[in-house]
Structure formats: structure tokens, C-alpha cells
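Note that these values count all heavy atoms, side chains included, but never hydrogens, waters or copies made by symmetry. If you read the sequence from its start, that first residue is 1, and numbering goes on from there.
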Amino acid sequence: MTSDARKLPTGFGRLWTAQTVSSLGDGVSHAALPLLALTLTRDPMALAVVTAAGTLPWLLFGVLGGALVDRWDRRRTMWVADTARAVLLAFPATAAVLDVLSIPLLAAVAFLLGVGGLFFDTAATAYLPDLLRRDPALLERANSRLRGTQIAASGFAGPPAGSALLALGRALPLLADAVSFMLSALLVRTLPAMPRPEPEARESLLRQARAGASYVFRDRLLLGLALRPAIGNVAFLAVETVLALFAHDRLGIDTYGFGLLLTAEATGGLLGAGIASQLGRRLGTGTALTCTAAVEGLAILGLAAAPNPYVAGLALAVCGAGMGATMVLGPSLRQAIVPAHLMGRVASTSRMLAMCAAPFGALLGGWLATAYDVRTPLYAAAVLLLTMTAVTASMTGNRRVEAALRAAALADGPDRPEPGGPVREGSVQAPATSSSLG
């Protein structure tokens with residue numbers, strides 16, 4: 001309880017600012033890229049290819065990327081990844097100016113941006129618990145603020161700005177995102193350095209990657225936390241792939257209205273991130289995660305049946321609230337219970353499962369829309385989300401969460417170092433929660 005009164009360190013403010021700037025650029029491109037692709041083709045499968053390309057790096061390099069992050073300086077990894085993404089966006093911006101932009105080029109850029117995102121996100125996830133000394137309450141507060149500002153920047157300000165910039169010129173949204181990446185890189189470079197784990201003996205990259213993946217799959221709580229976004233991404237990417245087409249053809253929403261529709265989802269997400277801690281305290285983290293998953297499924301069902309833009313906006317707002325709360329509670333719990341020297345690999349394994357599922361969701365959405373109707377992917381997504389809720393409820397229950405937090409608090413030795421200090425990497429055993437939870 002005393003940790004609730006402690007302040008977040010100064011370095012967190014700079015990390016927070018960097019993410020806010022980058023999220024604003026992401027919001028611009030999030031609204032602009034689907035509309036930009038629609039100017040090139042109206043084929044749902046072609047749109048699905050662009051969406052899926054951005055998630056393929058996690059399928060190809062996810063676990064190995066986590067092993068590399070656990071070897072590298074995490075702060076340096078973040079600013080190098082952001083700088084590379086800023087440079088990369090200059091290519092499609094130039095192609096747009098020269099009127100040679102194409103779906104294959106957009107897909108290639110999406111893939112390379114995904115590579116940069118893999119390294120940045122994994123490093124940031126591993127860096128935060130070191131910065132906050134692995135304090136569960138501080139991690140929850142920090143993730144709530146990070147998620148809230150991410151939603152505000154990428155959801156509220158970004159999409160309308162992206163739609164407006166696209167109307168002024170096809171290259172402008174891409175250039176805006178590039179500037180945001182560069183500013184984020186400059187801010188990340190000012191963050192305090194954190195000590196890296198000191199391996200006892202150099203192991204092969206493949207063996208280290210396998211150890212991190214094994215740690216997730218042998219622990220039911222971590223596996224449950226990983227399965228939720230994995231199955232959820234199949235559903236959400238199926239929706240995202242056809243959302244612009246659905247909004248235009250079924251709801252009669254124009255370019256500017258589509259940005260407002262995404263803002264409705266962000267409104268709910270901001271609310272969900274803000275009340276996540278209260279939900280966790282009142283219901284318990286496990287029960288809260290089950291409830292938010294159920295809310296997401298019911299909201300997508302409402303979106304599929306929406307007769308007009310207003311009902312669709314309300315459904316997306318409710319879905320966003322569930323997602324916002326989930327994205328605070330789940331990562332905070334994982335960061336509190338995973339050993340520091342495994343954080344990169346565990347985070348990347350969990351994210352890999354989620355991102356690997358995403359291309360299947362994107363292709364599923366495109367196929368269902370082509371073979372049946374543009375509403376069909378939305379109904380299928382709702383069924384997947386509700387099924388996932390039932391399957392994983394017992395894996396992330398309150399008793400299992402409380403036992404894992406107790407085990408993490410009591411753990412010591414080389415596998416559970418003191419916060420902020422150097423750690424020595426020895427053999428990886430099954431998580432402490434496995435033996436006590438069955």
C-alpha cells in the first residue's frame with residue numbers, strides 16, 4: 001500500500017512524452033493509411049494484404065527479437081528503432097508525391113515498420129519495470145497513464161488530423177508520422193540508462209529464445225494472458241480490415257466521418273484506461289480481465305448489427321473501454337511477475353502470439369467480406385471474442401493472479417534479482433506460479 005503514495009520517477013515523464021508524440025503520429029497514419037489504400041484499390045483482399053504485412057515480423061522474428069532485446073541496451077534499441085522508422089516513411093511519402101504509390105509498396109513499408117515496432121515495443125516493455133523497480137502499483141499507474149495518453153493522441157487528435165492532412169495531400173500524413181518518430185527518438189535518448197542482465201555464460205540466441213517461450217507456455221497465468229490478445233487480434237484485425245469499407249458502404253460515412261468513428265473508439269478507450277485500476281481493486285484483476293473481454297465481444301456484436309453511424313460509434317466506444325482497461329491490467333500484471341532477465345523474451349513471446357494471429361484475422365476478414373458480406377467478419381469476430389472469454393476465464397482467475405503476485409514478492413536469488421540491480425542469467429526453470437497453481 002505504501003507504493004501507492006510514491007511518485008513516478010522523472011525519467012518516466014520523458015518516456016511518457018515520447019510515447020505521446022509518437023502516438024499522435026500513429027493516429028494520423030492509422031486513419032490515413034486505410035483511406036490511402038482505398039484510393040488505390042477497393043479489393044478487400046488487397047487491403048487485407050497491407051494490414052497483414054505489418055504484423056508478419058512478429059510471426060517471423062518475434063521470439064528471436066525478444067532474445068536480442070535481452071542482450072542489447074534497451075534504451076538504445078528504442079531510439080534506433082524510432083529513427084529507422086522515421087527514415088523509412090520518407091519512401092512512401094516520396095512515392096505519393098511522384099504519384100507512383102502502390103499496394104505492394106504500402107505492404108513493404110508496413111512490414112518494415114512492423115520490424116521497427118517489434119524491437120521498440122519489446123524494449124519499452126522490458127525497460128519500464130526496471131525504471132519503476134518492478135513495483136506492481138507503480139506499474140499499474142504508469143501503464144494507465146501511458147495507455148490513456150496513447151489513446152488520446154492516437155485516437156482523439158490523430159485520426160481527424162490524418163483525414164484532414166490526407167485531403168490536403170497524400171504524402172502529408174506519412175511525413176507527420178515520420179516527424180513524430182524522430183521526436184520520440186530524441187526524447188528516448190535522454191532517458192536514464194538501466195543496467196543490463198549479466199549472463200553467466202553466453203548461450204546461443206536460439207536457446208535463449210526457446211527458454212523465454214517455454215517460460216510462457218509452462219505457466220497457465222502467463223499463457224492465459226497471452227491467449228487473450230492472440231485470439232482477440234484475430235477478431236479485431238478481421239474487423240479493422242473491413243471497417244473503412246463497412247463504414248462507407250453500409251453506414252454512409254465519408255472520409256471525415258471515418259476519423260470521427262475512430263475517435264469514438266478512442267473515447268471509450270480513454271475511459272477504460274482511466275478506470276482500470278479501480279476495476280482491478282473492486283473485482284480483482286482476474287475477474288476484471290474476464291469482464292472486459294466479455295464487454296469487447298458484446299460490443300463488436302452490436303457494431304455488426306448497427307443500423308446507423310450513431311449506434312456504430314457507441315458500440316466502438318464500449319469496445320474501446322474494454323480494450324483500454326485490458327491493456328492496462330494485463331501488461332502491468334505480466335511486468336510485475338516476470339523476472340527481469342526474461343522480460344524481453346516473455347514480452348516478445350506474448351506479443352508474438354498476438355501479432356502472429358493478426359494476419360490470419362486480416363485475411364479472414366477480407367475473405368469473409370468477399371465471399372459473403374461486409375458485415376460477416378464483424379459477426380465472426382464477436383463469436384471469437386466471446387468464446388475466448390469463456391476459455392481463458394479460469395486461467396487468469398483472481399486466485400491464480402494473487403498467488404503469482406505473492407510468489408513474485410517472495411522470490412529471490414539469481415532468477416529474481418533486486419529491482420534495478422544487475423542480474424545473472426542462469427538456467428531457466430518453470431515459473432514460480434506453476435508449482436503453486438497447478
Side-chain angles (χ1 to χ4, degrees), residues 23-24 26-38 44 47 51 147-167 173 232-233 235-276 291-328 361 365 368-369 373-386:
S23 295
L24 180 61
D26 288 343
V28 169
S29 60
H30 181 59
L33 285 179
L35 298 172
L36 189 59
L38 277 175
L47 299 176
T51 303
R147 181 61 180 168
T149 53
Q150 180 186 21
I151 292 170
S154 65
F156 284 113
S163 298
L165 287 172
L166 183 63
N233 266 7
F236 292 130
L237 264 292
V239 173
E240 183 177 333
T241 296
V242 300
L243 186 57
L245 194 61
F246 170 74
H248 182 271
D249 291 356
R250 294 292 184 268
L251 302 178
I253 296 176
D254 60 14
T255 298
Y256 184 73
F258 182 67
L260 293 178
L261 188 66
L262 296 180
T263 301
E265 181 179 4
T267 303
L270 188 61
L271 174 63
I275 66 174
C291 290
T292 56
V295 165
E296 293 167 13
L298 293 173
I300 294 299
L301 186 63
L303 175 64
N308 56 61
Y310 304 103
V311 175
L314 178 61
L316 279 175
V318 173
C319 182
M323 293 172 64
T326 299
M327 292 299 292
V328 171
L368 288 174
D373 181 76
V374 73
R375 290 184 188 267
T376 304
L378 280 64
Y379 284 114
V383 171
L384 280 174
L385 288 170
L386 293 174

Just verifying a value: how many Å separate T292 OG1 and M327 CE, rounded to the nearest 0.5 Å?
11.0 Å

At what distance, to the nearest 0.5 angstrom, does CG of L243 lie from CZ of F236?
12.0 Å

So, for A382 and G297, which heavy atoms are closest and what is the spacing to 0.1 Å?
CB-O, 3.6 Å

Heavy-atom closest pair (P377 atom, G365 atom, distance to 0.1 Å) is CG-O, 3.3 Å

Flag side-chain contact, heavy atom, 4.5 Å: V242 against L378
yes

Looking at CG of L245 and CG of L251, how far apart are the two atoms once the value is rounded to the nearest 0.5 Å?
11.0 Å

Rounded distance [0.5 Å steps], CZ in R375 versus CG in L368
15.0 Å

N/O donor-acceptor pair under 3.5 Å between R250 side chain and A304 backbone
no

For the residue pair F246 and I253, establish whether any side-chain heavy-atom pair is separated by less than 4.5 Å.
no

Looking at L261 and A247, what are the two nearest heavy atoms and their distance?
CD2-CB, 4.1 Å

Indicate yes or no for a side-chain donor-acceptor contact from T376 to the backbone of D373 under 3.5 Å, with no hydrogens or angles considered.
yes

Could you report the tightest heavy-atom contact between G232 and L385, atom names first, then the distance?
CA-CD2, 3.8 Å

